[in-house]
Amino acid sequence: MEKLIIPEGTTKEYILSFSSFYKAAYAQDMLEERGIASTLKKLPPELIRSCGTGLYLRAGSIQPVQQVLDEKQISTRGIYQIQRDGGREKRYVRMK
């Protein structure tokens, strides 16, 4: 499989939420096959709908991630970009 190379300094942080832990783990495996690193972690309370686990990742663009998920027919509950307001304050901007 083709590895995804992202230039330094162009990465953004994203959280992907799913309907179950198993979907999140499967999505992580499929992304890893394509060289896209992610981490399974507990979602922030404001993003929890059903499953409390999400995928956290850094990427230059969310498009390659969405392409893999579409190819593998993996649906998300939401895709959020993490934005930091100066210090440690975080906002979660829904992208999908």
Side-chain angles (χ1 to χ4, degrees):
M1 291 282 169
E2 181 181 327
K3 295 281 184 182
L4 182 68
I5 299 172
I6 301 166
E8 284 189 39
T10 61
T11 61
K12 297 176 185 168
E13 294 177 278
Y14 298 97
I15 299 176
L16 285 67
S17 64
F18 298 88
S19 60
S20 72
F21 169 82
Y22 301 102
K23 274 191 178 183
Y26 179 64
Q28 182 183 35
D29 289 344
M30 295 302 101
L31 292 172
E32 192 173 289
E33 281 183 7
R34 285 295 208 26
I36 302 172
S38 61
T39 304
L40 280 172
K41 288 172 53 176
K42 185 175 178 180
L43 289 171
E46 57 265 45
L47 300 184
I48 295 176
R49 299 261 180 327
S50 56
C51 172
T53 304
L55 274 184
Y56 288 68
L57 56 95
R58 290 187 174 145
S61 168
I62 197 66
Q63 305 308 48
V65 173
Q66 287 181 309
Q67 182 179 350
V68 172
L69 297 178
D70 290 345
E71 285 174 11
K72 300 296 183 178
Q73 298 178 349
I74 303 169
S75 60
T76 61
R77 288 275 173 140
I79 298 175
Y80 304 87
Q81 183 179 350
I82 302 171
Q83 295 182 345
R84 298 179 190 278
D85 297 332
R88 295 192 154 264
E89 195 70 26
K90 293 181 187 176
R91 289 186 322 133
Y92 305 100
V93 178
R94 188 175 180 101
M95 306 206 45
K96 180 181 175 194

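Below, each value reflects all heavy atoms present in this structure, side chains not excepted, and no hydrogens, waters or symmetry copies.
Other residues sharing the hydrophobic cluster of Tyr92, ordered by chain and number and joined by side-chain separations under 4.5 Å: Ile15, Leu43, Leu47, Ile48, Tyr56, Tyr80, Ile82.
Contacts of Ser75 classified as side-chain hydrogen bond (donor to acceptor under 3.5 Å, both in side chains), with partners at least two apart in sequence or in another chain: Lys23. For Gln81, the side-chain hydrogen bond (donor to acceptor under 3.5 Å, both in side chains) test picks out no residue, with sequence neighbours left out.
In this structure, CZ in Arg58 is found 14.0 Å from NZ in Lys12, a value given to the nearest 0.5 Å. Phe18 CZ to Ile79 CD1: the interatomic distance, rounded to the nearest 0.5 Å, is 7.5 Å. From Tyr14, atom OH reaches atom CE of Met95 across 5.0 Å, with rounding to the nearest 0.5 Å. Remark: Leu31 CG to Arg34 CZ distance equals 9.0 Å, nearest 0.5 Å. Remark: Ile62 CD1 to Leu69 CG distance equals 8.0 Å, nearest 0.5 Å. To the nearest 0.5 Å, atom CG of residue Leu57 and atom CD of residue Gln28 are 10.0 Å apart.
Closest approach of Ser61 and Pro64 over heavy atoms only: O-CD, 3.3 Å. Contact detail for Ala27 and Ile74: the closest heavy-atom pair is CA-CD1, 3.8 Å. Arg94 approaches Arg77 most closely through the heavy-atom pair NH2-O, 2.8 Å.
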Begin with the C-alpha distance, continue with both residues' side-chain angles, and end with the deciding distance and a verdict on side-chain contact (heavy atoms from CB on, under 4.5 Å) for Glu71 and Met30.
-> CA-CA 10 Å; Glu71 285 174 11; Met30 295 302 101; over 6 Å; no
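Within the 4.5 Å cutoff, no side-chain heavy atoms of Leu55 are placed close to those of Val65.
With Ser17 contributing its side chain and Gly54 its backbone, the two residues share no donor-acceptor pair below 3.5 Å.
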